[in-house]
Amino acid sequence: MTRTKPADEQPEPVQDATPAVDTVEAVDSAHRYEPYPGVQFFHAGRYSPLFAAAGARLTSEGHNPSGKTLGPDWTNDHKAAWASFQQELRPKGGGDTSGIPDETAWNRLKVPRVTPLPKES
C-alpha cells in the first residue's frame with residue numbers, strides 16, 4: 001500500500017529558472033535571422049540588403065544556377081534561385097514554387113540578420 005504525504009509535508013515544486021527550449025530558440029532566431037518581410041516586399045525595382053543576404057544563402061545552398069551574384073536589387077535571378085529552393089522544399093509541387101518566397105521558405109532558408117534589432121519599449 002502506498003502512503004501519500006499530507007499536503008503540509010509535500011515538497012514545493014521547484015521553479016525552473018531557465019526558459020523552455022522553444023522560447024530560447026525563438027528569441028535566438030529573432031536575433032540571428034531576418035523575420036519574413038511579407039510577400040509584398042518582393043517586387044521588381046526594390047532595393048534591400050535583405051535580397052543580398054538571402055541571395056548569399058541561396059547560393060551557399062546551391063540554388064543560384066546562373067552563377068551570378070544576387071545583389072541588393074530584386075531581379076529575375078533572385079526569383080529563379082528562390083523557385084529552385086522552393087522546388088527542393090516541395091519536390092512534388094505541393095505548394096508555392098513561384099519564386100516569390102513564402103514565410104515557410106524564408107524561415108527554412110534562415111537569412112542572417114542584416115537589419116538592426118527593433119528597440120524594446
Side-chain angles (χ1 to χ4, degrees):
M1 182 171 184
T2 307
R3 180 177 99 75
T4 57
K5 294 181 180 183
D8 59 340
E9 290 182 31
Q10 294 284 350
E12 290 196 27
V14 177
Q15 294 292 328
D16 187 4
T18 58
V21 173
D22 290 342
T23 305
V24 172
E25 288 174 6
V27 169
D28 187 40
S29 289
H31 289 29
R32 292 178 50 196
Y33 304 116
E34 283 292 342
Y36 180 61
V39 70
Q40 73 286 352
F41 187 78
F42 303 93
H43 61 79
R46 185 81 184 242
Y47 175 94
S48 174
L50 289 179
F51 297 144
R57 285 288 299 129
L58 288 163
T59 299
S60 72
E61 293 290 322
H63 297 285
N64 185 6
S66 67
K68 296 180 181 175
T69 299
L70 299 174
D73 292 304
W74 180 257
T75 65
N76 285 335
D77 291 329
H78 285 85
K79 194 171 179 179
W82 273 107
S84 172
F85 181 71
Q86 290 171 316
Q87 288 163 5
E88 181 180 288
L89 196 60
R90 302 169 179 108
K92 299 200 188 265
D96 183 12
T97 59
S98 67
I100 301 298
D102 56 276
E103 189 167 8
T104 300
W106 181 269
N107 291 339
R108 201 60 77 78
L109 187 62
K110 296 186 189 286
V111 178
R113 185 169 278 283
V114 293
T115 60
L117 288 171
K119 302 263 184 197
E120 291 187 27
S121 50

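Here the structure is a predicted model, which is why all the values come from computation and not from measurement.
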Determine, step by step, whether Glu34 and Arg113 satisfy the side chain to side chain contact (heavy atoms under 4.5 Å, CB included) criterion, reporting the C-alpha distance in whole Å, the side-chain angles of both residues, the deciding distance to 0.1 Å, and the verdict.
CA-CA 5 Å; Glu34 283 292 342; Arg113 185 169 278 283; 3.5 Å; yes
Applying side chain to side chain contact (heavy atoms under 4.5 Å, CB included), run through Arg108 and Phe85 and close with a yes or a no.
CA-CA 10 Å; Arg108 201 60 77 78; Phe85 181 71; 4.2 Å; yes
Give the C-alpha distance, both sets of side-chain angles, the deciding distance and a yes or no for side chain to side chain contact (heavy atoms under 4.5 Å, CB included) between Ile100 and Val39.
CA-CA 7 Å; Ile100 301 298; Val39 70; 3.4 Å; yes
Determine, stepwise, if the pair Lys79 / Trp74 fulfils side chain to side chain contact (heavy atoms under 4.5 Å, CB included).
CA-CA 8 Å; Lys79 194 171 179 179; Trp74 180 257; 4.1 Å; yes
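For Phe41, the side chain to side chain contact (heavy atoms under 4.5 Å, CB included) criterion is met by Pro37, Arg46, Ser48, Leu50, Phe51, not counting sequence neighbours. Residues forming a salt bridge (charged side-chain N to carboxylate O under 4.0 Å, His left out) with Glu103 (at least two apart in sequence, or on another chain): none.
At distances below 3.5 Å, not a single donor-acceptor pair connects side-chain atoms of Ser84 with backbone N or O atoms of Ala80. Looking only at distances, no side-chain donor or acceptor of Tyr36 sits under 3.5 Å from a matching main-chain atom of Ala105. Between the Thr69 side chain and the Gly71 main chain, no donor and acceptor come within less than 3.5 Å of each other.
Atom NZ of Lys68 is separated from atom OG1 of Thr59 by 12.5 Å, given to the nearest 0.5 angstrom. The OG1 atom of Thr97 sits 10.5 Å away from the CG atom of Leu89 when rounded to the nearest 0.5 Å. Atom CG in Leu58 sits 8.0 Å away from atom NE2 in His78 (nearest 0.5 Å).
Between Arg90 and Asp102 there is a salt bridge, since at least one side-chain N of the basic residue sits less than 4.0 Å from a carboxylate O of the acidic one.
Side-chain contact of Asp96 with Ser98: a donor-acceptor pair under 3.5 Å is present, judged by distance alone.
A heavy-atom distance below 4.5 Å is not found between the side chains of Tyr33 and Trp106.
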